[in-house]
Amino acid sequence: MAKWHGFGRCKTRLSKDIGKSNSAKVQSVMTKHTISVAKFLQGNKLIDISIAISGLGVSNCRKWSRELGIKKFNLQGKGCLGEKMKRQIIINKKFCARNNIRNIIFIGTDLPDLCHQDILNTLRELQQNDLILGPSNDGGYWLIGLSEKITSSHIYLPFINIKWGTENVLQNTIDNFVSKKLKYKFLEKKIDIDTIIDIENRT
């Protein structure tokens, strides 16, 4: 899930401290880092990449995707984050079925500490669990991995009754699974970069 790093169009909270130009540069660097991690794994035939883009029209999305070296892209579309992720699952279902892809992993582009092992751990844990969550410092999550069991029968579960953008996102997501016989597991907590404090806390 990636947002175009246009001047004044991304990292609005961070831009209040370091300026719109610098915050756009930070977003660009983090996006390229996330893509490089994913492309390494794709090069080893461990994953397939589909980038979901917001902030650009179709033609510019195609151009940016080409610049990043990614063949498959979609627009995120309207709605809250949950609606956008659910939409991507629906859009990619045929591709997944055709290529025997059973799990879907969502990663944002606000994580300079993302590494190959994070995704490898997610793939491994999805063999025994239905849901994998990477908790973030702001009460949300930096990664969510969904098994075929969820994407085929419980697609709504991770995305309903969530107060997006609040410190309760992770807890709300967990609450959705309490009454279901579905297994979930956490990865280690990481820092999403949204403010200057987040950057300071990494040092």
Side-chain angles (χ1 to χ4, degrees), residues 1-39 42 47-96 104-114 118-119 133-134 136-146 151 155-156 158-160 162-167 169-170 172-173 190-195 198-199:
M1 304 288 284
K3 188 171 186 178
W4 169 245
H5 53 276
F7 179 85
R9 298 169 66 183
C10 65
K11 293 294 163 208
T12 53
R13 284 183 287 170
L14 183 61
S15 67
K16 293 176 182 177
D17 294 307
I18 67 173
K20 294 179 180 179
S21 179
N22 286 329
S23 61
K25 290 177 183 177
V26 169
Q27 180 67 73
S28 177
V29 169
M30 291 194 298
T31 299
K32 289 178 180 178
H33 169 69
T34 305
I35 296 300
S36 69
V37 170
K39 285 177 69 177
Q42 181 174 253
I47 64 170
D48 282 283
I49 302 173
S50 176
I51 184 170
I53 301 171
S54 68
L56 292 173
V58 176
S59 60
N60 284 326
C61 279
R62 182 177 292 107
K63 179 181 178 181
W64 188 34
S65 181
R66 192 181 303 122
E67 290 173 356
L68 292 171
I70 297 176
K71 294 181 179 180
K72 187 170 175 51
F73 77 92
N74 296 298
L75 272 65
Q76 289 186 19
K78 297 180 180 180
C80 66
L81 180 58
E83 291 171 332
K84 291 178 179 180
M85 287 193 286
K86 184 178 176 181
R87 182 178 296 118
Q88 294 307 311
I89 294 173
I90 295 170
I91 290 173
N92 286 287
K93 263 194 170 183
K94 286 184 179 179
F95 176 83
C96 290
I104 293 179
I105 302 172
F106 285 98
I107 307 171
T109 52
D110 302 326
L111 200 73
D113 295 323
L114 179 72
D118 293 322
I119 302 177
L133 290 162
S136 59
N137 58 302
D138 58 6
Y141 50 78
W142 53 268
L143 174 149
I144 180 169
L146 308 171
T151 58
I155 189 174
Y156 63 92
F159 310 124
I160 59 169
I162 309 290
K163 297 179 180 178
W164 299 101
T166 71
E167 60 185 17
V169 171
L170 182 66
N172 291 159
T173 305
K190 291 181 182 286
I191 297 176
D192 272 341
I193 301 300
D194 291 311
T195 67
D198 296 332
I199 295 176

Practice item. Decide side-chain contact (heavy atoms from CB on, under 4.5 Å) for Val169 and Tyr141; before the verdict, give the C-alpha distance in whole Å, the side-chain angles of both, and the deciding distance to 0.1 Å. Key: CA-CA 8 Å; Val169 171; Tyr141 50 78; 3.9 Å; yes
Which atom of [X] lies closest to which atom of [Y], heavy atoms considered:
{"X": "Met85", "Y": "Phe106", "answer": "O-CZ, 3.2 Å"}
{"X": "Pro112", "Y": "Ile191", "answer": "CD-O, 4.4 Å"}
{"X": "Thr109", "Y": "Met30", "answer": "O-CB, 3.4 Å"}
{"X": "Ala24", "Y": "Cys10", "answer": "CA-SG, 3.8 Å"}
{"X": "Gln76", "Y": "Ala2", "answer": "NE2-O, 3.2 Å"}

Review point. Stepwise, does the side-chain contact (heavy atoms from CB on, under 4.5 Å) test hold for Asn172 with Trp164?
Key: CA-CA 9 Å; Asn172 291 159; Trp164 299 101; over 6 Å; no
Any heavy-atom pair between the side chains of [Y] and [X] that's under 4.5 Å?
{"X": "Ile104", "Y": "Gln88", "value": "no"}
{"X": "Lys72", "Y": "Asp48", "value": "no"}
{"X": "Ile162", "Y": "Leu81", "value": "no"}
{"X": "Leu68", "Y": "Phe73", "value": "no"}
{"X": "Phe159", "Y": "Arg87", "value": "no"}
{"X": "Lys11", "Y": "Ile18", "value": "no"}

Backbone of [Y] reached by a side-chain donor or acceptor of [X] within 3.5 Å:
{"X": "Ser15", "Y": "Thr12", "answer": "yes"}
{"X": "Trp142", "Y": "Ser136", "answer": "no"}
{"X": "Ser65", "Y": "Ile70", "answer": "yes"}

Distance check, rounded to the nearest 0.5 Å: [X] atom [atom1] versus [Y] atom [atom2]?
{"X": "Leu75", "Y": "Arg62", "atom1": "CG", "atom2": "CZ", "value": "9.5 Å"}
{"X": "Met1", "Y": "Asn74", "atom1": "CE", "atom2": "CG", "value": "10.0 Å"}
{"X": "Lys3", "Y": "Ser28", "atom1": "NZ", "atom2": "OG", "value": "14.5 Å"}
{"X": "Ile160", "Y": "Ile155", "atom1": "CD1", "atom2": "CD1", "value": "12.0 Å"}
{"X": "Lys163", "Y": "Cys80", "atom1": "NZ", "atom2": "SG", "value": "14.0 Å"}

Please list every donor-acceptor pair under 3.5 Å in which a side-chain atom of residues 52-61 meets a protein atom from a residue at least two apart or in another chain.
none

Point to revise | Asp194, Asp192, Asp198 screened by side chain to side chain donor-acceptor pair (under 3.5 Å) with Asn137, the one that passes | key: Asp198
Study note, to complete from the structure: Which of Leu114, Leu143, Leu111 passes side-chain contact (heavy atoms from CB on, under 4.5 Å) with Lys190? Answer is Leu111
Review point. Quick one: salt bridge (charged side-chain N to carboxylate O under 4.0 Å, His left out) pairs with a partner in residues 14-39, sequence neighbours left out?
Key: none
Practice item. For side-chain contact (heavy atoms from CB on, under 4.5 Å), just list the numbers for Ile107 and Ile119, CA-CA rounded to whole Å, side-chain angles, deciding distance to a tenth of an Å, and then say yes or no. Key: CA-CA 9 Å; Ile107 307 171; Ile119 302 177; 3.6 Å; yes
Point to revise | No-hydrogen, no-angle side-chain donor-acceptor test under 3.5 Å, Thr31 and Gln27 | key: yes
